[in-house]
Every structure is written in C-alpha cells, then in structure tokens.
2 protein chains.
Amino acid sequence: MEETDILIGKWRTQSRKGFLDLCVLVLLAGKGPSYGLDMMESLNGAGLGVSEGTLYPLLMRMTREESLAASWTTPDSGHPRKYYRITGQGGYLLSGMKTEYEKNAAAYRRLEGGTR
Amino acid sequence: MEETDILIGKWRTQSRKGFLDLCVLVLLAGKGPSYGLDMMESLNGAGLGVSEGTLYPLLMRMTREESLAASWTTPDSGHPRKYYRITGQGGYLLSGMKTEYEKNAAAYRRLEGGTR
DNA sequence: CATTATATCTTGCATTGCATAATATAATAT
DNA sequence: ATATTATATTATGCAATGCAAGATATAATG
C-alpha cells in the first residue's frame, strides 16, 4: 500500500522526537567526548539514519540547555572540530529519560499483552 | 535539580509523539472496538497518563487517515458513544510501526551496549 | 589555483502533545 | 420541574522537534 507507506514515514519522523536526544546522551556517556560527524557515524552504524540537519541543531540545543558542553579543538592535521561532552545535568537528564523510556516500554508490553 | 525536571517534562511530551498512536492501535487490536473514555482508562491503567485533549484529537486524526473507523452507538441506557475499530490499513500501519519500534529499540541497545 | 572532502551552521515547514475551554445529553437531586 | 452532576466528545492555540535543503568555512589534493 502506497498511502500507508507515507503514513509510516510521517510516523517515523514523529516517533523519533526526543528519542534522538536519548541516543546522543547514551552515546556520549558510553564512548566519551565526540564531534558531530563522528557521532553521526556511530548513530548510523547502530541502525539509526541521522542527517546533519537533524543532528547539529540537536547538539546546539542540548548545549544551550547545558546538558552538553562543547569545545573547539584544532588538531595538528585536519579540520577544526567541535567536541561535545556530557555535563552533570546531562547525566541527571539521561537518568530521567531512561526511567521514562522504560516506563513507556512497560506500558506498551502491558497493552500488547492481552485481550482484557 | 529543578531546571532539569523541567527539561525532563518537556522531553516526556516530545518522546510520546507517535508512541501514543502505536499504543492506541495495539490496544484496539487486542481488546476490539472501544470508545474514547474507555480507551483512556485502559491506557492510564497500563501506566500512561493520557488526557482527553490528547486522545480525542488523536482518534479523530487516525479516523480521518482511515487507520481507524468510527460509528456512533446509542445504548438503551446511557450516553451516545463513538466506537472506534481498527481498519485494514490500520493493521498494516500497526505492523510497520512495530517493526520501526523494534528497530529503534535495537539501535538503542547497541548504543547502550558499550564503550566502543 | 581550482576542486574535493571534511565539518558545521541556518532557515522554514510539517507534525504532534497538551492545556484549556466549549458543547451536548443522560442521570440524579432538590 | 429544574438545577446540578456525571458522562462523552469536540475545538482552539501554543510549544517543541525532525528534517530537507542550502549556506559557510577550511584543510587537503590534483
């Protein structure tokens, strides 16, 4: 069904709202500081399809909110990169997000669980 | 942290986008036709906190898109109720959503899985 | 010096969640 | 009768994010 594929595409966009924040925090918490394009590779490698137009505004927003902190580094050879790391507030936020995420997943399983 | 709780609240709203569609479809697929307030009870019983202002517009949208179908019923005693049931397209959509949901969950686990 | 690759930033649209308020009708109370 | 409460649905407007598309800047390469 063609109509339905459009609906799924739109839904996909909506269902990623917020989820990408969680993924970025989890990523940085796990691998340590990183920069935009490198994070894109990691996220895409994990199975998410993220583009610059999605990731960069997200990183800037989270930095503005102080869940991330950024600093430029100019390597001996190569381009200047903006490295992001997770802040204390970011860690607290990540913990809250994980709780919510699990709560929703549990609710979903309950709903799926049965005719009752 | 007070600041952070505000962020979590905002994130919570965002992270539910799309997810509620999935929950409604799963619910109707499991329990059969139902109406607004009854579905609200089911969803809240499962652990989601959903209000009328969230659920009704959602139901109307999904009906407009023909993932749900609605029909009024006037019981012998009580108020007229608008019953919703899942359509063929709704079933196809649900299947697609489940696939996406699992794909994202898998990506999340991979990201969480390690320092690599 | 032009071209390509790396890296980040900007703009505008489409979409949904939710608070708030409105509408309508059946049941109940005074 | 008629006012009040409970049930049930609809309408409006704001805030927020994902993403496509394009712009900007600089290092490396031909």
Side-chain angles (χ1 to χ4, degrees), chain A residues 6-25 33-44 48-65 67-68 70-84 97 100 104, chain B residues 6-25 33-44 48-65 67-68 70-84 97 100 104:
Chain A
I6 295 175
L7 287 179
I8 293 182
K10 287 185 181 176
W11 180 82
R12 184 173 175 277
T13 294
Q14 293 303 320
S15 69
R16 285 162 61 124
K17 288 182 191 285
F19 183 65
L20 295 179
D21 296 35
L22 173 57
C23 288
V24 163
L25 286 177
S34 179
Y35 65 99
L37 286 190
D38 186 50
M39 298 177 70
M40 249 187 67
E41 268 186 36
S42 297
L43 294 170
N44 291 335
L48 304 165
V50 184
S51 70
E52 296 93 332
T54 297
L55 185 59
Y56 283 113
L58 185 158
L59 293 172
M60 292 166 69
R61 191 188 80 236
M62 294 185 81
T63 304
R64 192 176 62 239
E65 292 167 354
S67 302
L68 301 181
S71 54
W72 284 97
T73 69
T74 308
D76 293 348
S77 122
H79 289 254
R81 293 168 176 169
K82 201 172 183 176
Y83 272 80
Y84 292 90
M97 286 179 178
E100 267 292 313
N104 283 341
Chain B
I6 295 175
L7 287 180
I8 293 182
K10 286 184 181 177
W11 179 82
R12 184 174 175 276
T13 294
Q14 293 303 320
S15 70
R16 286 163 59 127
K17 288 182 190 287
F19 183 65
L20 296 180
D21 296 36
L22 172 57
C23 289
V24 163
L25 286 178
S34 180
Y35 65 99
L37 287 189
D38 186 51
M39 297 177 70
M40 249 186 67
E41 270 186 33
S42 297
L43 294 170
N44 291 336
L48 305 166
V50 183
S51 69
E52 295 94 330
T54 297
L55 185 60
Y56 282 112
L58 185 158
L59 293 173
M60 292 167 69
R61 191 188 81 234
M62 294 184 81
T63 304
R64 192 177 61 239
E65 292 168 352
S67 302
L68 302 181
S71 54
W72 284 98
T73 69
T74 308
D76 294 349
S77 124
H79 288 254
R81 294 166 175 171
K82 200 173 184 177
Y83 272 80
Y84 292 91
M97 286 178 177
E100 267 291 313
N104 282 341

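Bear in mind the structure is a predicted one, so any value in this text is a computation, not a measurement. By convention in this document, chain letters (A, B, ...) are assigned in the order of the sequence lines, proteins followed by strands, and residues within each chain are numbered from 1.
- Under 4.0 angstrom from either OP1 or OP2 of D:dA27 there lies no side-chain N or O belonging to A:Ser77.
- Going from atom CZ of A:Arg12 over to atom C1' of D:dA20 covers 13 Å, rounded to whole Å.
- B:Gly53 comes within contact range of at least one nucleobase, with a heavy-atom separation under 4.0 Å.
- The OG1 atom of A:Thr74 sits 11.5 Å away from the NE2 atom of A:His79 when rounded to the nearest 0.5 Å.
- Place A:Leu37 and B:Pro57 on DNA chain C by their nearest nucleotides, and A:Leu37 ends up nearer the 5' end.
- Computed from coordinates, the A:Arg61 CZ to D:dG18 C1' distance equals 10 Å when rounded to whole Å.
- Taking atom CE of A:Met60 as the reference point, atom C1' of D:dT24 lies 13 Å away to the nearest angstrom.
- At a threshold of 4.5 Å between non-hydrogen side-chain atoms, the residues A:Leu37 and A:Arg81 do not count as touching.
- Nearer to the 5' terminus of DNA chain D, by closest-nucleotide assignment, is the contact made by A:Gly49 (compared with the other of A:Gly49 and A:His79).
- Within the nucleic acid shown, B:Leu59 has no heavy atom closer than 4.0 Å to any nucleic acid atom.
- Extent of DNA chain C lying under 4.0 Å from chain A heavy atoms, first and last nucleotide in 5' to 3' order, is C:dA5 to C:dT16.
- When rounded to the nearest whole Å, the span between CZ of A:Phe19 and P of D:dG18 equals 11 Å.
- No side-chain heavy atom of A:Tyr84 sits less than 4.5 Å from a side-chain heavy atom of A:Met62.
- Candidate nucleotides D:dG18, D:dA20, D:dA15 were compared by shortest atom distance to the side chain of A:Leu58, and D:dG18 ranks first.
- Within 4.0 Å of B:Thr13, counting heavy atoms only, lie sugar-phosphate atoms of the nucleic acid but no base atom.
- Residue B:Trp72 is in sugar-phosphate contact alone, with no base atom involved, counting any heavy-atom pair closer than 4.0 Å across all strands shown.
- Separating the CG atom in A:Leu7 from the CE atom in B:Met97 is a distance of 8.0 Å, to the nearest 0.5 Å.
- Close to D:dC19, at under 4.0 Å from its OP1 or OP2, lies a side-chain N or O of A:Arg16.
- In this structure, B:Met40 atom CE and D:dT9 atom C1' are separated by 12 Å, rounded to whole Å.
- The NZ atom of B:Lys10 lies 12.0 Å from the CG atom of A:Asp21; values are rounded to the nearest 0.5 Å.
- Spacing between atom CG of A:Asp21 and atom P of D:dT17 amounts to 7 Å, rounded to whole angstrom units.
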* Please test A:Thr13 against B:Lys17 for side-chain contact (heavy atoms from CB on, under 4.5 Å), starting from the C-alpha separation and ending with a verdict. => CA-CA 9 Å; A:Thr13 294; B:Lys17 288 182 190 287; over 6 Å; no
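- Atom CG in B:Asp38 sits about 13 Å away from atom C1' in D:dT7, given to the nearest Å.
- For D:dA11, the OP1/OP2 oxygens have no side-chain nitrogen or oxygen of B:Tyr56 closer than 4.0 Å.
- Position along DNA chain C of the nearest nucleotide to A:Tyr83 versus A:Gln14 favours A:Tyr83 as the more 5'-ward residue.
- D:dC14 atom P lies 17 Å from atom NZ of B:Lys10, rounded to whole Å.
- You'll find the side chain of A:Leu22 stays beyond 4.5 Å of the side chain of A:Glu100, heavy atoms only.
- Distance check, rounded to the nearest 0.5 Å: CG of B:Asp38 to OH of B:Tyr83 gives 6.5 Å.
- Among the heavy atoms of the strands lying under 4.0 Å from A:Ser51 are primed sugar atoms or P, OP1, OP2 only; no base atom is included.
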